[in-house]
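In what follows, a structure is listed as structure tokens, so that the remarks can point back to it.
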Amino acid sequence: MIALKPAESSRRPRADQPMIARSAHNPIITAAHLPFAGQCCFNSGAVRVGKEIVMVLNCWDAEWIPHFLIARSKDGIHFDIGTKTIATPPNEYPYIGHGDGIFDTRITTLDGFHYITYNVSSALGGRIRLIRTADFESFDDLGFITSIDHRNCVIFPQKFNGLYARLERPNGEGSTGGDIYLSYSPDLIYWGKTQLLLQKSTRYWESEKIGPGAPPVRTDAGWLVLYHGCRKHMNGIMYNAGAMLLDLEDPSKVIGKMRACLMWPEEEYEFRGNVPQVVFPTAAVAGNHADELFVYYGAADSSICLATVSISALVERCLADGPCLPGQP
Ligand code: BMA
């Protein structure tokens, strides 16, 4: 007779990624928390405003119509979710009724405002749109800030030589793109001086495409950027998370980058959902002490999760691994 052993938890410590810890409360926001009958919520931006964390919660109702709701939390885990949606997909071709509608919010606090970027689906490809708010009570729609076929746009919380800066990924994967670019703007609306920042494929776990995840976090050693990196395998595409460090004065310089994946799907809630095997970071905000980051990420396109990470450990790891660019061992 075979003796059956109890199942082991998949939350086992790993020697190669000691710095990221998933919250025991995960998933922290699911469809069950929504103020209406909903399908799911995922990939939502967040910022710290004083003692609160404010999230622009991206969720879909029972008719699969997208909503952006304002959610607030004192501990970063339990959120009070508002009922008023702050954005809806444009009501005309090529946007109306297409795909997920509006999704992937990110927030950057800059010059006394909070800027919310998000993706808008269309029959011709996705675009990025921008909202500005001072208080998360009233909102200005600043319109589209990219042409067709862009996604994953994060704005730096600081200007460089008088210009705003953002990281973005023109759409595409496989042989047709999937790399991260840096652009500048005098006014957050018109963008240019675009240059390639980081190509996919420096490591297998990020071989299919990469894209900026959370808006950059300023540290003494450089800009810490969490991003997603995907690999294609026999059962689809797996979304992992990585980290890189950019020069403080010149963010076009990658000064460090983790060789290993920071985080990859391991838990059941990251494997079971609308799109299995997805961890998708969208926010990195100050945690409970000076060295802690709260990382918010979407899991399996179905729920929102929290992980904590030590800023200094992440910075040290990026610097120790070096720029780690394509073609370098
Ligand atoms: C990306 C985005 C994300 C999503 C991911 C996995 O292209 O659309 O919203 O989490 O795919 O489906």
Side-chain angles (χ1 to χ4, degrees), residues 10-11 14 17 19-31 33 40-48 53-60 68 71 73 75-79 81 100 103-108 116-119 151-154 167 169 180 205-206 209-217 224-231 237-244 258 260-287 292-311 313-314:
S10 61
R11 201 177 288 122
R14 305 186 67 116
Q17 56 153 17
M19 70 272 275
I20 193 109
R22 286 166 171 85
S23 167
H25 297 271
N26 278 351
I28 59 166
I29 312 179
T30 68
H33 296 94
C40 58
C41 54
F42 55 90
N43 300 3
S44 298
V47 279
R48 184 173 277 285
I53 290 176
V54 182
M55 182 179 279
V56 175
L57 176 68
N58 190 185
C59 56
W60 283 262
F68 290 170
S73 174
D75 63 4
I77 297 168
H78 303 92
F79 282 82
I81 304 173
D100 282 342
F103 59 105
D104 289 1
T105 60
R106 271 90 168 196
I107 316 174
T108 296
I116 303 158
T117 60
Y118 62 101
N119 294 1
R151 55 209 302 157
N152 301 308
C153 171
V154 300
L167 303 178
R169 196 194 82 217
I180 299 179
W205 61 264
E206 50 186 340
K209 55 183 172 178
I210 57 175
V217 174
L224 187 55
V225 180
L226 301 185
Y227 65 98
H228 62 263
C230 308
R231 79 180 169 94
I237 293 186
M238 175 174 279
Y239 277 72
N240 310 294
M244 65 176 149
M258 277 185 70
C261 216
L262 172 67
M263 191 181 195
W264 57 90
E266 288 191 281
E267 298 294 334
E268 187 172 350
Y269 50 79
E270 295 159 357
F271 275 102
R272 187 190 290 247
N274 290 311
V275 183
Q277 51 186 5
V278 175
V279 296
F280 197 93
T282 45
V285 311
E292 186 178 61
L293 265 190
F294 283 171
V295 177
Y296 291 98
Y297 66 99
D301 285 11
S302 294
S303 64
I304 293 171
C305 293
L306 170 68
T308 53
V309 68
S310 152
I311 298 172
L314 209 44

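Both backbone and side-chain heavy atoms feed into the values below; hydrogens, waters and symmetry mates do not.
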| task | Could you list the residues that satisfy side-chain hydrogen bond (donor to acceptor under 3.5 Å, both in side chains) with Arg48, not counting sequence neighbours? | result | none
| said: Under the side-chain contact (heavy atoms from CB on, under 4.5 Å) test against Tyr227, which residue among Val154, Ile180, Leu262 passes? | reply: Ile180
| message | Applying the side-chain contact (heavy atoms from CB on, under 4.5 Å) criterion to His228, which one of Arg169, Glu206, Met263 satisfies it? | response | Arg169
| message | Quick check against the 3.5 Å criterion: does Asn240 have a side-chain atom that pairs as donor or acceptor with the backbone of Cys261? | response | no
| said: Going by the rule side-chain hydrogen bond (donor to acceptor under 3.5 Å, both in side chains), which residues pair with Thr108 if we only count those two or more places apart in sequence or in a different chain? | reply: none
| said: So which atom in Ser73 and which in Asp75 form the shortest heavy-atom distance, rounded to 0.1 Å? | reply: OG-OD1, 3.1 Å
| query | Would you call the rings of Tyr239 and Phe280 parallel, tilted or perpendicular, where under 30° means parallel and over 60° means perpendicular? | reply | tilted
| Ile29 side chain reached by Ile81 side chain, heavy atoms, under 4.5 Å | yes
| field | Partner set under side-chain hydrogen bond (donor to acceptor under 3.5 Å, both in side chains) for Asn43, not counting sequence neighbours | value | Asp104
| Got a sec, which residues hit side chain to side chain contact (heavy atoms under 4.5 Å, CB included) with Thr30, two or more places apart in sequence or on another chain? | Pro27, Ala32, His33, Ser303
| field | Validation row: Leu57, Phe79 side chains within 4.5 angstrom (heavy atoms) | value | no
| query | Looking at CZ of Phe42 and CD1 of Ile304, how far apart are the two atoms once the value is rounded to the nearest 0.5 Å? | reply | 9.0 Å
| said: I'd like to know if the side chain of Ser23 reaches the main chain of Leu306, judged simply by a donor and an acceptor atom lying under 3.5 Å from each other, with no hydrogens or angles considered. | reply: no
| task | To the nearest 0.5 Å, tell me how far Arg151 CZ sits from Lys209 NZ. | result | 6.5 Å
| task | Kindly give the heavy-atom pair with the smallest separation between Val295 and Pro281, and that separation in Å. | result | CG1-CB, 4.2 Å
| task | Could you check if a side-chain atom of Trp264 sits within less than 4.5 angstrom of a side-chain atom of Arg231, using non-hydrogen atoms only? | result | no
| task | Please answer whether the main-chain N or O of Tyr118 pairs with a side-chain N or O of Thr105 as donor and acceptor at a distance below 3.5 Å. | result | no
| note | When every non-hydrogen atom of Val56 is compared with those of Ser44, the smallest separation belongs to O-CB, 3.3 Å
| field | Val279 versus Ala241, closest heavy-atom pair with distance | value | CG2-N, 4.1 Å
| query | Tell me, do Thr282 and Asn58 make a side-chain contact under 4.5 Å, heavy atoms counted? | reply | no
| note | In terms of heavy-atom contacts, Ala284 and Leu226 come closest through CB-CD1, 4.1 Å
| message | Going by the rule side-chain hydrogen bond (donor to acceptor under 3.5 Å, both in side chains), which residues pair with Asn152 if we only count those two or more places apart in sequence or in a different chain? | response | Arg106
| query | What residues, two or more places apart in sequence or in another chain, satisfy side chain to side chain contact (heavy atoms under 4.5 Å, CB included) together with Asn274? | reply | Cys40, Trp64, Asp301, Ser302
| query | Are the side chain of Tyr296 and the backbone N or O of Ala214 linked by a donor-acceptor pair below 3.5 Å? | reply | no
| field | Minimum heavy-atom distance Ala300-Arg272, with the two atoms named | value | CB-O, 3.7 Å
